[in-house]
Amino acid sequence: MDWGNVTAEDLVDALREVDWSSPPRPLSEFFSRFTVPKSLAKWDSRLKCNLYYYRTNYFIMIVFILGLGFLTRPLAILSAFLTAVTVAFLNDSFAGSFSEKATRTIRSFSPQLAAKMRPPLAPVIRGRPSAKRAIYICGQPRWVFVLISSLVSFALWYISCGLFTVSLALLIGLLATILHATLRTPNLKARLNTFREEFRAVWRNYSEI
């Protein structure tokens with residue numbers, strides 16, 4: 001993939017649709033080789049490539065930095081957890097996996113309730129399912145869970161008086177992410193992984209036809 005031609009919107013869509021259940025990259029690879037980009041175009045391409053390839057590492061690093069900032073505030077730790085869950089709900093893979101596991105758990109003691117949690121059928125356009133399907137969690141639109149978790153986490157932030165702390169910790173985490181993504185030289189493995197993700201996306205779209 002030519003990351004120089006990928007827009008910020010394309011990168012956000014890729015991060016939203018990609019499978020986040022994959023384990024993080026090894027630390028020996030994460031901290032292996034650093035160089036300064038030679039031009040603005042190379043920096044832009046490298047930044048997008050690393051943000052996509054090391055997405056799980058960056059997410060864990062930001063959550064870890066947030067956790068360090070709230071060692072003396074247990075309620076703020078719960079707030080940070082709910083905020084992380086809210087962000088995770090925006091990812092299609094996580095939302096689908098969470099809905100499936102929650103439904104399976106409820107089915108074990110209440111099959112009737114689990115049956116009501118089934119998502120509605122996908123719309124059919126000219127005899128085939130719509131390519132752009134809405135995401136449902138436990139039978140409800142995803143935005144319902146995102147809104148509820150956002151409101152609860154914001155209320156906990158307000159009660160714990162940790163808004164300044166979370167802002168500072170989040171800023172440090174984002175700066176550390178951008179700094180690493182800027183200096184980490186993309187390796188061949190990262191580029192091959194990108195091509196593999198592209199093939200999976202194309203095959204998934206083909207299989208839905």
Side-chain angles (χ1 to χ4, degrees), residues 1-71 73 76-77 79-95 97 146 149-150 153-154 157 162-202 204:
M1 177 185 290
D2 184 6
W3 287 99
N5 295 327
V6 175
T7 63
E9 183 179 358
D10 294 334
L11 179 62
V12 171
D13 289 340
L15 293 175
R16 181 179 60 84
E17 298 176 0
V18 77
D19 185 8
W20 284 74
S21 62
S22 59
R25 310 296 174 185
L27 293 180
S28 57
E29 177 185 349
F30 190 62
F31 295 106
S32 63
R33 184 184 177 189
F34 297 93
T35 58
V36 178
K38 299 180 180 180
S39 65
L40 183 61
K42 288 185 178 296
W43 170 80
D44 181 65
S45 177
R46 176 185 297 189
L47 184 68
K48 295 171 184 175
C49 180
N50 286 332
L51 286 176
Y52 183 81
Y53 183 68
Y54 294 109
R55 56 190 180 273
T56 307
N57 297 72
Y58 294 143
F59 183 78
I60 294 176
M61 182 174 66
I62 292 176
V63 172
F64 178 74
I65 294 176
L66 287 173
L68 290 179
F70 303 130
L71 291 178
R73 296 174 180 265
I77 294 178
S79 306
F81 174 77
L82 285 177
T83 302
V85 171
T86 303
V87 175
F89 274 145
L90 298 176
N91 177 257
D92 296 352
S93 176
F94 178 86
S97 178
V146 172
S149 58
S150 299
S153 62
F154 180 80
W157 284 127
L163 288 176
F164 175 76
T165 305
V166 69
S167 300
L168 181 60
L170 185 60
L171 179 61
I172 294 175
L174 293 177
L175 289 177
T177 298
I178 295 176
L179 181 62
H180 180 276
T182 297
L183 299 179
R184 178 64 175 92
T185 306
N187 52 20
L188 179 60
K189 186 177 180 181
R191 302 183 186 280
L192 290 177
N193 179 269
T194 301
F195 291 133
R196 184 177 61 181
E197 294 286 356
E198 286 181 340
F199 175 79
R200 287 178 177 176
V202 172
R204 183 168 57 251

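Keep in mind that what you see is a predicted model, and the values were worked out from it rather than measured.
The cationic group of Arg55 lies under 6.0 Å from the six-membered ring centre of Tyr52 and within 45° of the ring axis, placing it in a cation-pi geometry.
Atom-to-atom distance recorded for Leu40:CG and Ser45:OG is 11.5 Å, nearest 0.5 angstrom. Taken from CG in Asn50 to OH in Tyr58, the straight-line distance is 4.5 Å, to the nearest 0.5 Å. Note that CG of Leu47 is 12.0 Å distant from NE2 of His180, once rounded to the nearest 0.5 Å. For the atom pair OG1 of Thr182 and CH2 of Trp43, the computed distance is 6.0 Å after rounding to the nearest 0.5 Å. Note: Phe31 CZ to Leu183 CG = 12.0 Å, rounded to the nearest 0.5 Å. From Arg46, atom CZ reaches atom SG of Cys49 across 9.5 Å, with rounding to the nearest 0.5 Å.
Remark: the backbone N or O of Gly173 is paired with a side-chain donor or acceptor of Thr177 at under 3.5 angstrom. Of the possible polar contacts, one joining the Asn57 side chain to the Arg25 backbone as a donor-acceptor pair under 3.5 Å is found. The backbone N or O of Arg184 lies less than 3.5 Å from no partner atom in the side chain of Arg33, so there is not a single donor-acceptor pair.
Across all non-hydrogen atoms, the minimal contact from Ser150 to Thr86 is OG-CG2, 3.1 Å. When all heavy atoms are compared, the tightest approach of Ile65 to Ala169 is CG2-O, 3.6 Å. Taking both residues in full, the closest heavy atoms of Val146 and Phe89 are given as CG2-CB, 3.8 Å, listed atom of the first, atom of the second, then distance. Closest of all the heavy-atom pairs between Ser32 and Ser28 is CB-O, 3.1 Å.
The neighbour count for Phe30 CZ, taken as heavy atoms of other residues, nucleotides or ligands under 6.0 Å away, is above 12. Under a cut-off of 6.0 angstrom, the local environment of CZ in Phe64 is sparse, with at most 12 non-hydrogen atoms contributed by other residues, nucleotides or ligands.
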List the steps and the verdict of side chain to side chain contact (heavy atoms under 4.5 Å, CB included) for Met61 and Tyr54.
CA-CA 11 Å; Met61 182 174 66; Tyr54 294 109; over 6 Å; no

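The closest side-chain heavy-atom distance from Lys42 to Ser39 is below 4.5 Å.
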